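First comes the structure, then the notes that go with it.
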Amino acid sequence: MKRYLPLALAAALSACTTTDFQGGFTPVSERLGAASDRVVSWTRSLTGTGPQTRRLDTPLPMLARPAKGQFRSFVLSDMRSGVEGPMTFRAKGRRLRVEEPDGCTWRSSLDWFSPSTSWEGCGTSRNWHTGSAQVSVLDPLYPLKIGARGVYERVATSHTGRTYTRQTICRVTGAEQVVRGNGALSPAYVVACDDGKRVRTTWYAPDDGPVAYVQRHAVEGIEDAWVRVR
């Protein structure tokens, strides 16, 4: 969930299991009968592509860079296991602190899509589970609208002294309604952020912020996948 900790954002909220990070979960419930057309099964395998969605009936407004009060904690469901857990946000000034259900904690500017500037206890990598980074905005992503593009550069250093420099390119590829874990529909922009190693896709709602997230590794496939419940 991001998004872009040098560790597998397992969760953003899910179980962090790799060396870069930003969020994920999968609900397994399904309603049958008359309501089945509105509420679909969210079960996903490791080859799945994301949450259940519906076509958007009306265009979304352009979104400015988020303010402090727009980040509120929520409960998410892992799209692979069905396990639910809390995603906790704390904003101070222009900084954002996020704690995922497995305890992975990361910080960034007040922007869900910007790579993290520090992280602790994220992933299973011996060299990259904790670290810090300098992040520069080379091309602003905001305001969010279909076709918008943003570029970030990140110089990361692990707690063991390893380093890398990587660019992340984020693009708003579309907009659609996400079927959340409680059956509610959330109109959201689809934002894909690619750092050359992983693509982190967030369904970002004007009122609620991130409502679904998928992190896909170029070789290993889906590492993280979650959908917001409430």
Side-chain angles (χ1 to χ4, degrees), residues 1-27 44 46 50-51 71-92 95-135 152 154-164 166 168 170 181 191 193 195 197-204 209-217 220-229:
M1 88 48 169
K2 65 98 132 104
R3 356 210 325 263
Y4 307 41
L5 316 180
L7 326 211
L9 254 188
L13 339 168
S14 60
C16 295
T17 55
T18 62
T19 58
D20 276 329
F21 186 80
Q22 191 98 10
F25 288 81
T26 316
R44 284 290 181 278
L46 294 182
F71 289 99
R72 297 182 296 274
S73 301
F74 58 83
V75 174
L76 59 82
S77 176
D78 187 318
M79 280 191 270
R80 297 166 299 171
S81 67
V83 174
E84 295 184 359
M87 178 81 112
T88 303
F89 292 94
R90 290 187 177 87
K92 184 176 182 180
R95 311 302 297 174
L96 180 67
R97 178 183 182 276
V98 180
E99 183 174 354
E100 303 188 5
D102 64 352
C104 169
T105 301
W106 51 276
R107 295 168 180 80
S108 72
S109 65
L110 199 63
D111 173 3
W112 172 262
F113 305 103
S114 179
S116 57
T117 55
S118 69
W119 58 95
E120 304 166 14
C122 301
T124 58
S125 170
R126 181 188 308 174
N127 293 301
W128 284 101
H129 63 74
T130 298
S132 61
Q134 295 293 324
V135 176
Y152 303 89
R154 187 168 186 256
V155 181
T157 303
S158 76
H159 65 289
T160 58
R162 299 199 176 193
T163 63
Y164 72 67
R166 191 175 295 164
T168 296
C170 295
V191 185
C193 295
D195 67 7
K197 187 175 183 179
R198 290 175 171 82
V199 177
R200 299 172 176 89
T201 302
T202 301
W203 285 258
Y204 195 92
V211 292
Y213 175 88
V214 172
Q215 175 174 291
R216 184 186 295 274
H217 189 281
E220 299 173 5
I222 291 180
E223 297 175 318
D224 236 354
W226 55 264
V227 63
R228 182 168 176 164
V229 178

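Remember, it's a predicted structure, so these values are computed and weren't measured experimentally.
A ring pair (Phe, Tyr, Trp, His ring centres under 6.0 Å) with Trp106 holds for exactly one of Phe89, Trp112, Trp119; it is Trp112.
When only modelled atom types and interatomic distance are considered, Tyr213 and Arg228 share no side-chain donor-acceptor pair under 3.5 Å. Side-chain contact check for Ser116 and Arg154: at least one donor-acceptor pair (N or O, by modelled atom type) lies under 3.5 Å. Side chains of Asn127 and Ser158: a donor-acceptor N/O pair is absent below 3.5 angstrom, by distance only.
Applying the salt bridge (charged side-chain N to carboxylate O under 4.0 Å, His left out) test to Arg95 and every residue at least two apart in sequence or in another chain returns nothing. When the side chain to side chain contact (heavy atoms under 4.5 Å, CB included) test is applied to Arg72, the partners found at least two apart in sequence or on another chain are Asp208. Among residues two or more places apart in sequence or in another chain, the side chain to side chain contact (heavy atoms under 4.5 Å, CB included) test is passed with Thr157 by Thr163. Every side chain to side chain contact (heavy atoms under 4.5 Å, CB included) that Val199 has, sequence neighbours left out, goes to Ala192, Asp194, Thr201.
Residue Ser125 holds its OG atom at 7.5 Å from NE2 of His159, rounded to the nearest 0.5 Å. We find the NZ-OG1 distance between Lys197 and Thr168 to be 12.0 Å, quoted to the nearest 0.5 Å. For the atom pair CD (Glu223) and CZ (Arg198), the distance works out to 4.0 Å, reported to the nearest 0.5 Å.
Classification of Arg107 and Glu120 as a salt-bridged pair holds, one side-chain N sitting under 4.0 Å from a carboxylate O.
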Please step through side-chain contact (heavy atoms from CB on, under 4.5 Å) for the pair Tyr152 and Asp195, ending with a clear verdict. CA-CA 9 Å; Tyr152 303 89; Asp195 67 7; over 6 Å; no

Given the rule in the side-chain contact (heavy atoms from CB on, under 4.5 Å) test, do Leu110 and Phe71 qualify, once you have shown the distances and angles that lead to the verdict? CA-CA 9 Å; Leu110 199 63; Phe71 289 99; 4.0 Å; yes

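Considering all non-hydrogen atoms of both residues, Gly82 and Ser77 come closest at O-OG, 3.7 Å. Contact detail for Ala133 and Ala156: the closest heavy-atom pair is CB-CA, 3.8 Å. Residues Thr160 and Arg126 approach most closely at CG2-O, 4.0 Å, considering heavy atoms. For Thr130 against Gly121, the heavy-atom pair with the smallest separation is OG1-N, 3.3 Å.
Two residues are said to be in side-chain contact when any heavy atoms from C-beta on lie closer than 4.5 Å; Val135 and Ser109 fail this criterion.
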